[in-house]
Engineer: 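This is the structure I want to talk about, given as C-alpha cells.
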Number of protein chains: 2
Amino acid sequence: MTYDPATIQALKKDASEWFSTLRDNICAAFEKLEAEAQGPFFKEADEGGHFERKPWTRLDADGNPGGGGVMSMMRGRVFEKVGVHISTVHGVLAPDFRSQIDGAEHDPHFWAAGISLIAHPWNPHAPTAHMNTRFIVTTQAWFGGGADLTPMLASKRDKTESDSAFFHDAMRKACSMHAPAGSYEKFNDWCDEYFYLNHRKEPRGTGGIFYDRHWTGNPQQDLAFTKDVGNAFLEAYPEIMRRNISKEWTEAERVEQETQRGRYVEFNLLQDRGTLFGLKTGGNIESILSSMPPRVRWP
Amino acid sequence: MTYDPATIQALKKDASEWFSTLRDNICAAFEKLEAEAQGPFFKEADEGGHFERKPWTRLDADGNPGGGGVMSMMRGRVFEKVGVHISTVHGVLAPDFRSQIDGAEHDPHFWAAGISLIAHPWNPHAPTAHMNTRFIVTTQAWFGGGADLTPMLASKRDKTESDSAFFHDAMRKACSMHAPAGSYEKFNDWCDEYFYLNHRKEPRGTGGIFYDRHWTGNPQQDLAFTKDVGNAFLEAYPEIMRRNISKEWTEAERVEQETQRGRYVEFNLLQDRGTLFGLKTGGNIESILSSMPPRVRWP
C-alpha cells in the first residue's frame, strides 16, 4: 500500500470529487423515486421527499481545522429515513489510534474521504441498503468499502431471492471490470463474515461485497473499481426499490420489519468498526448515528 | 474482599433466596398496578398484564451444568415491557476473562447470583427504571448493584424534580441503615459517572445509586444493605408509577419518550458492562436483550 507522493494529490482530488458526484447522482435517483411513486403510502407520509443538506466542519485533536463533510438526509414517502453523507477529513491521529491504522505507527498524519449511505424504506417489502466507499492516506494508501442488502422480511432473507440475486449480479459485474480476478468471490465472503451478528449467530442480511486495504499498485484502476461499486449500487438499488414500493403490506409485516431493524441497531452499536471508531474518536455524532433506523421494536 | 469459607455457603443460600423473594414481591407489586390502574390506556393495550416466567439453564464452558435462572416478563397496560430476572450461575471462567474478574486470576472458579430489572412504562410521564443487585464469589466475594431512574420527558430529567427526588430519598434511606457512613453520596456519584453517555456527553437519566466490590468485612451487614436497596426500590418505584399513570399524554410526548429510549439502547449496547460481558461470554441472549425498550425511535 505504498504510493508515489507525486501522484497522490491528484488521486485525493479525483476521489473526493467522485464521492461528491456519486452523492449527487444517488440523491437525484432517490428523489425521482419519491416523485414517481404511486403508493400505497403510510398515513404518516404522503408527500414526496427531498434531501436536506447540512455541512459540518471538523476540528482536529490539536484544534486546527480538520476538514468536514456534508450530510444529506431525506424523510419521504418511499424512504422513511435515508442518509447519504460525504466527508473529507485530515489531521493527526490521537496516540491511542496510531497503532490501529496501517501506516500511522510512526507518522500520525492521515487524510480520508468517503461516501456513506444507509436507506430505511417505509415498505416492509423493500430491503434496507448500506453502501460506503472511502479512500484513506497515511504513509500508506488504500481504498475500502462495499455495499450490502438487508431484506426485512424473513421470506426474503436469502441470497437467491430475486432482489438479493439482482443486487449480487450488479456487484459481481462491478468486480469484473477493474478489480483483480476472483474479487467478487473474495469480497462477497468478506461481506458475509463482516456483517454477521456474533451474539445472535445470524447474518445481518443477504450480503453484497466488502473490501478493505485495497491497493493493487495501480491507483487509477483501484479508483475505477471504487467508482464501479458506487455505480453498481446506483443501478441496482433504485431498481429493487421500484420493484417493491407498490406492494401492499400487512401490519404484521410492518412489525416484522421494525423488529428486524433492531438487529441493524445491534450490529451498528456492538460491532460496526466505523461506527465504534467514529464514536470513540469524537466524530460527528449526528452524522454517525443518522444511520439508525427511524422506528424500531424489541417486542 | 477475602472471606471465611465456613460461612460463605450459608451466605450464598441466603442471597440466592433473597433475590427470589424480592422478585416475587416486585412482580406482585407491578401486577397490582396493572390490575388497579384506571387509565388512560393506549389503544394497543387495555388488559391488565401478568408476568410470564421462563426458566433457563446454563452450560458451563466445559459442558457441565452451570446453573441458570428464571426470566419474568410482563407486557401489560401500565408496563409496555418489563423484565424481572433472577439467576444463580457457577462454573469456571474462560481464560480470556480471568484477569478481568477480581480473585479469578489464579483460580477460575466463580459463583454469582443476582436480580436484574428494567421497566418500560407505556405512559411517557412515567420514568423508566433499572435495578440490579448481585452477589459474586471467586477467591474473593463481594456485593454489587444499584437502582436508577430515567425520566423520559426533558421537563422531568432533573434530580430535583419530584419523582427523582422521591427516588433519591428512598436510596438515601437504604444507604443509611446498613452501609458505611457517606455511602449514599459515594454511590450516587458512582451512578452518575457510570450511567453517562460518553459519545453524547449527557447523563442517561437522573441517577440513583451504583456500587460494586462492596465488602465491609461484615457479610451479614453487606447482604442486609443489598436487601435494603431492593426494598427501597420496591417502595419507591411503584409509588412513582402510581403518581404518573393516570396522566394524559400527547402524541409529541410519546415521540419524545420513544426517542429518549434510543439513548437507553445506545447506553446498553455501547457501554453497559453487564450487557457487553454477557453477550461476549455466550450469556442468555434472550434474557440479556429483554431489557431493550419495546418501541424506539431515531427520528
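Within every chain, numbering begins at 1; the chains are lettered A, B, ... in the order of the sequence lines, protein sequences first and strands thereafter.
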Engineer: Hey, which of A/R75, A/K280, A/E258 has the most heavy atom pairs under 4.5 Å with chain B?
Structural biologist: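 Heavy-atom pair counts peak at A/R75.
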Engineer: What residue in A/V296, A/T275, A/N268, A/T259 has the most heavy-atom pairs under 4.5 Å with chain B?
Structural biologist: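 Most heavy-atom pairs under 4.5 Å with chain B: A/V296.
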Engineer: Using a cut-off of 6.0 Å, state whether more than 12 heavy atoms not belonging to B/E52 lie near its atom CD.
Structural biologist: no
Engineer: Please rank B/M292, B/M73, B/K201 by heavy-atom pairs under 4.5 Å with chain A and give me the top one.
Structural biologist: B/M292
Engineer: Taking side chain as everything from C-beta outward and backbone as N, CA, C, O, which of these in A/I285 sits under 4.5 Å from a heavy atom of chain B? Side chain, backbone, both or neither.
Structural biologist: side chain
Engineer: In Å and rounded to the nearest 0.5 Å, what is the NE2 to CD1 distance from B/H199 to A/I288?
Structural biologist: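 Rounded to the nearest 0.5 Å, the NE2-CD1 separation comes out at 9.0 Å.
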Engineer: I'd like to check A/K81 versus B/W298 (side-chain heavy atoms, cut-off strictly below 4.5 Å). Are they in contact?
Structural biologist: yes
Engineer: Atom NZ of residue position A/K247 - does it have more than 12 heavy atoms of other residues, nucleotides or ligands inside 6.0 Å?
Structural biologist: yes
Engineer: If I measure from the heavy atoms of chain A, does B/L276 come under 4.5 Å with its side chain, its backbone, both, or neither?
Structural biologist: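 B/L276 touches chain A through side-chain heavy atoms alone.
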Engineer: Just wondering, do B/L289 and A/R200 contact through their side chains at under 4.5 Å, heavy atoms?
Structural biologist: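 SC-SC contact between A/R200 and B/L289 confirmed.
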Engineer: Using non-hydrogen atoms only, which part of B/R261 is less than 4.5 Å away from chain A: side chain, backbone, both, or neither?
Structural biologist: neither
Engineer: At a heavy-atom separation under 4.5 Å, does B/E266 approach chain A through its side chain, its backbone, both, or neither?
Structural biologist: both
Engineer: If you count every heavy atom of other residues, nucleotides or ligands that lies below 6.0 Å from B/E47 atom CD, does the total exceed 12?
Structural biologist: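 No, CD of B/E47 has 12 or fewer neighbouring heavy atoms, counting only those of other groups under 6.0 Å.
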Engineer: How long is the span from the CG atom in A/L270 to the CG atom in B/L270, to the nearest 0.5 Å?
Structural biologist: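 Output value for this atom pair is 7.5 Å.
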